[in-house]
Amino acid sequence: QVRLVESGGGLVQPGGSLRLSCAASGSISRLSVMGWYRQAPGKPRELVATITAGGSTNYADSVKGRFTISRDNAKNTVFLQMNSLKPEDTAVYYCYCNTWGTPYWGQGTQVTVSS
(Lines give C-alpha, C1' and ligand atoms only; values in the text may rest on other atoms or scores of the structure.)
Protein backbone atom coordinates (compact mmCIF):
# COMPACT_ATOMS: atom_id res chain seq x y z
CA GLN A 1 0.00 0.00 0.00
CA VAL A 2 1.20 3.51 -0.91
CA ARG A 3 0.07 6.52 1.07
CA LEU A 4 0.64 10.18 0.16
CA VAL A 5 0.05 13.02 2.62
CA GLU A 6 0.13 16.66 1.50
CA SER A 7 0.73 19.71 3.65
CA GLY A 8 1.43 23.42 3.25
CA GLY A 9 -1.75 24.69 1.64
CA GLY A 10 -3.54 27.78 2.82
CA LEU A 11 -4.68 31.30 2.02
CA VAL A 12 -2.26 33.74 0.41
CA GLN A 13 -2.54 37.11 -1.31
CA PRO A 14 -1.81 37.53 -5.02
CA GLY A 15 1.94 37.74 -5.55
CA GLY A 16 2.65 35.70 -2.45
CA SER A 17 4.29 32.31 -2.02
CA LEU A 18 3.52 28.90 -0.59
CA ARG A 19 5.53 25.69 -0.30
CA LEU A 20 3.70 22.38 -0.52
CA SER A 21 5.12 19.12 0.79
CA CYS A 22 4.09 15.53 0.17
CA ALA A 23 5.42 12.61 2.19
CA ALA A 24 5.08 9.18 0.62
CA SER A 25 5.12 5.90 2.48
CA GLY A 26 4.82 2.27 1.49
CA SER A 27 6.40 0.26 -1.29
CA ILE A 28 7.89 2.87 -3.62
CA SER A 29 10.23 2.09 -6.48
CA ARG A 30 13.46 4.04 -6.84
CA LEU A 31 12.29 4.80 -10.40
CA SER A 32 9.00 6.36 -9.36
CA VAL A 33 7.72 9.61 -10.83
CA MET A 34 6.22 12.10 -8.39
CA GLY A 35 4.39 15.32 -8.96
CA TRP A 36 1.48 17.61 -8.39
CA TYR A 37 -1.92 18.03 -10.01
CA ARG A 38 -4.61 20.54 -9.19
CA GLN A 39 -8.34 20.88 -9.60
CA ALA A 40 -10.16 24.21 -9.56
CA PRO A 41 -13.92 24.46 -8.97
CA GLY A 42 -15.83 23.42 -12.07
CA LYS A 43 -12.69 22.34 -13.92
CA PRO A 44 -11.00 18.99 -14.54
CA ARG A 45 -7.87 17.93 -12.71
CA GLU A 46 -4.76 19.14 -14.52
CA LEU A 47 -1.04 18.51 -14.39
CA VAL A 48 1.05 21.10 -12.54
CA ALA A 49 4.52 19.54 -12.43
CA THR A 50 6.31 16.19 -12.30
CA ILE A 51 9.80 15.06 -11.35
CA THR A 52 11.61 11.78 -11.93
CA ALA A 53 13.89 10.02 -9.47
CA GLY A 54 16.81 11.38 -11.49
CA GLY A 55 15.60 14.96 -11.16
CA SER A 56 14.10 15.57 -14.61
CA THR A 57 11.17 17.96 -14.38
CA ASN A 58 8.29 19.19 -16.48
CA TYR A 59 5.75 21.92 -15.84
CA ALA A 60 2.44 23.12 -17.11
CA ASP A 61 2.86 26.23 -19.24
CA SER A 62 0.72 28.21 -16.81
CA VAL A 63 3.20 27.77 -13.95
CA LYS A 64 6.57 27.83 -15.72
CA GLY A 65 8.90 30.39 -14.19
CA ARG A 66 6.80 30.63 -11.02
CA PHE A 67 6.68 27.11 -9.56
CA THR A 68 9.58 24.78 -8.77
CA ILE A 69 9.25 21.08 -8.04
CA SER A 70 11.90 19.15 -6.11
CA ARG A 71 12.24 15.88 -4.22
CA ASP A 72 14.21 14.20 -1.47
CA ASN A 73 14.60 10.59 -2.58
CA ALA A 74 15.95 9.43 0.78
CA LYS A 75 12.81 10.69 2.52
CA ASN A 76 10.34 9.91 -0.29
CA THR A 77 9.16 13.50 -0.19
CA VAL A 78 8.25 15.87 -3.01
CA PHE A 79 7.92 19.64 -2.74
CA LEU A 80 6.30 22.39 -4.76
CA GLN A 81 7.56 25.93 -4.26
CA MET A 82 4.93 28.33 -5.58
CA ASN A 83 5.89 31.96 -6.13
CA SER A 84 4.09 34.92 -7.70
CA LEU A 85 0.77 33.26 -7.02
CA LYS A 86 -2.28 34.34 -9.00
CA PRO A 87 -5.99 34.00 -8.22
CA GLU A 88 -6.24 31.46 -11.04
CA ASP A 89 -3.87 29.20 -9.08
CA THR A 90 -6.67 28.65 -6.57
CA ALA A 91 -7.40 24.92 -6.48
CA VAL A 92 -7.07 21.74 -4.50
CA TYR A 93 -3.54 20.46 -5.07
CA TYR A 94 -3.02 16.70 -5.18
CA CYS A 95 0.24 14.87 -4.69
CA TYR A 96 0.92 12.16 -7.28
CA CYS A 97 3.19 9.14 -7.37
CA ASN A 98 3.52 6.62 -10.17
CA THR A 99 5.33 3.59 -8.83
CA TRP A 100 5.49 0.00 -10.06
CA GLY A 101 3.29 1.10 -12.98
CA THR A 102 0.43 2.27 -10.78
CA PRO A 103 -0.63 5.86 -10.00
CA TYR A 104 -1.43 6.94 -6.45
CA TRP A 105 -2.99 10.15 -5.17
CA GLY A 106 -3.02 12.10 -1.94
CA GLN A 107 -6.15 13.53 -0.37
CA GLY A 108 -5.37 17.06 -1.55
CA THR A 109 -4.59 20.38 0.10
CA GLN A 110 -6.47 23.62 -0.57
CA VAL A 111 -4.61 26.60 -1.99
CA THR A 112 -6.55 29.85 -2.13
CA VAL A 113 -5.07 33.00 -3.68
CA SER A 114 -7.23 36.00 -2.86
CA SER A 115 -7.14 39.55 -1.56
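Worth knowing before you read on, the calculation uses all heavy atoms, side chains too, and leaves out hydrogens, waters and symmetry mates.
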Below 3.5 Å, can you tabulate the donor-acceptor pairs from side chains in residues 103-111 to any protein atom, sequence neighbours excluded?
| from | atom 1 | to | atom 2 | distance (Å) |
| --- | --- | --- | --- | --- |
| Thr109 | OG1 | Gly9 | N | 3.3 |
| Gln110 | NE2 | Ala91 | O | 3.4 |
| Gln110 | NE2 | Thr112 | OG1 | 3.3 |

Report, one line per pair, each donor and acceptor closer than 3.5 Å where one atom sits in a side chain of residues 41-49; sequence neighbours left out.
| from | atom 1 | to | atom 2 | distance (Å) |
| --- | --- | --- | --- | --- |
| Glu46 | OE2 | Arg38 | NE | 2.8 |
| Glu46 | OE2 | Arg38 | NH2 | 3.3 |

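In this structure, the side chains of Met82 and Val12 stay at 4.5 Å or more apart for every pair of heavy atoms. Ser32 has its side chain within reach of Arg71: a pair of non-hydrogen atoms, C-beta onward, lies under 4.5 Å apart. Residues Thr50 and Met34 have side chains not in contact (no heavy-atom distance under 4.5 Å, counting atoms from C-beta outward). Proximity of Pro14 to Ser115: side-chain heavy atoms (C-beta onward) are separated by under 4.5 Å at one or more points.
Remark: Thr52 OG1 to Ile69 CD1 distance equals 10.0 Å, nearest 0.5 Å. Note that OH of Tyr96 and SG of Cys22 are 12.5 Å apart. Values are rounded to the nearest 0.5 Å. Between Ser70 atom OG and Ile51 atom CD1 the span is 6.0 Å, to the nearest 0.5 Å. One finds the CZ atom of Arg30 at 10.0 Å from the CG atom of Asn73 (value rounded to the nearest 0.5 Å). How far CG of Leu80 is from OH of Tyr93: 7.5 Å, rounded to the nearest 0.5 Å. Atom OG1 of Thr57 is separated from atom CZ of Phe67 by 14.0 Å, given to the nearest 0.5 angstrom.
Tyr59 approaches Thr68 most closely through the heavy-atom pair OH-CA, 3.4 Å. Across all non-hydrogen atoms, the minimal contact from Ser21 to Phe79 is OG-CD2, 3.3 Å. Nearest heavy atoms, Arg66 versus Asp89: NH1-OD2, 2.8 Å. Between Asn83 and Ser17, the shortest heavy-atom contact is OD1-OG, 2.9 Å. Of all the heavy atoms in Cys95 and Val78, the pair that sits closest is SG-CG1, 3.8 Å.
Remark: aromatic rings of Tyr37 and Tyr94 are distant, center separation not under 6.0 Å.
Looking at Asp72 and Thr77, their side chains never bring a donor and an acceptor atom within 3.5 Å of each other.
Remark: Asn76 engages no residue in a side-chain hydrogen bond (donor to acceptor under 3.5 Å, both in side chains) (not counting sequence neighbours).
Formation of a donor-acceptor pair under 3.5 Å by the Gln81 side chain with backbone atoms of Arg19 is not found in this model.
Ionic pairing of Asp61 and Lys64 is present here: one or more N-O contacts between side-chain nitrogen and carboxylate oxygen are shorter than 4.0 angstrom.
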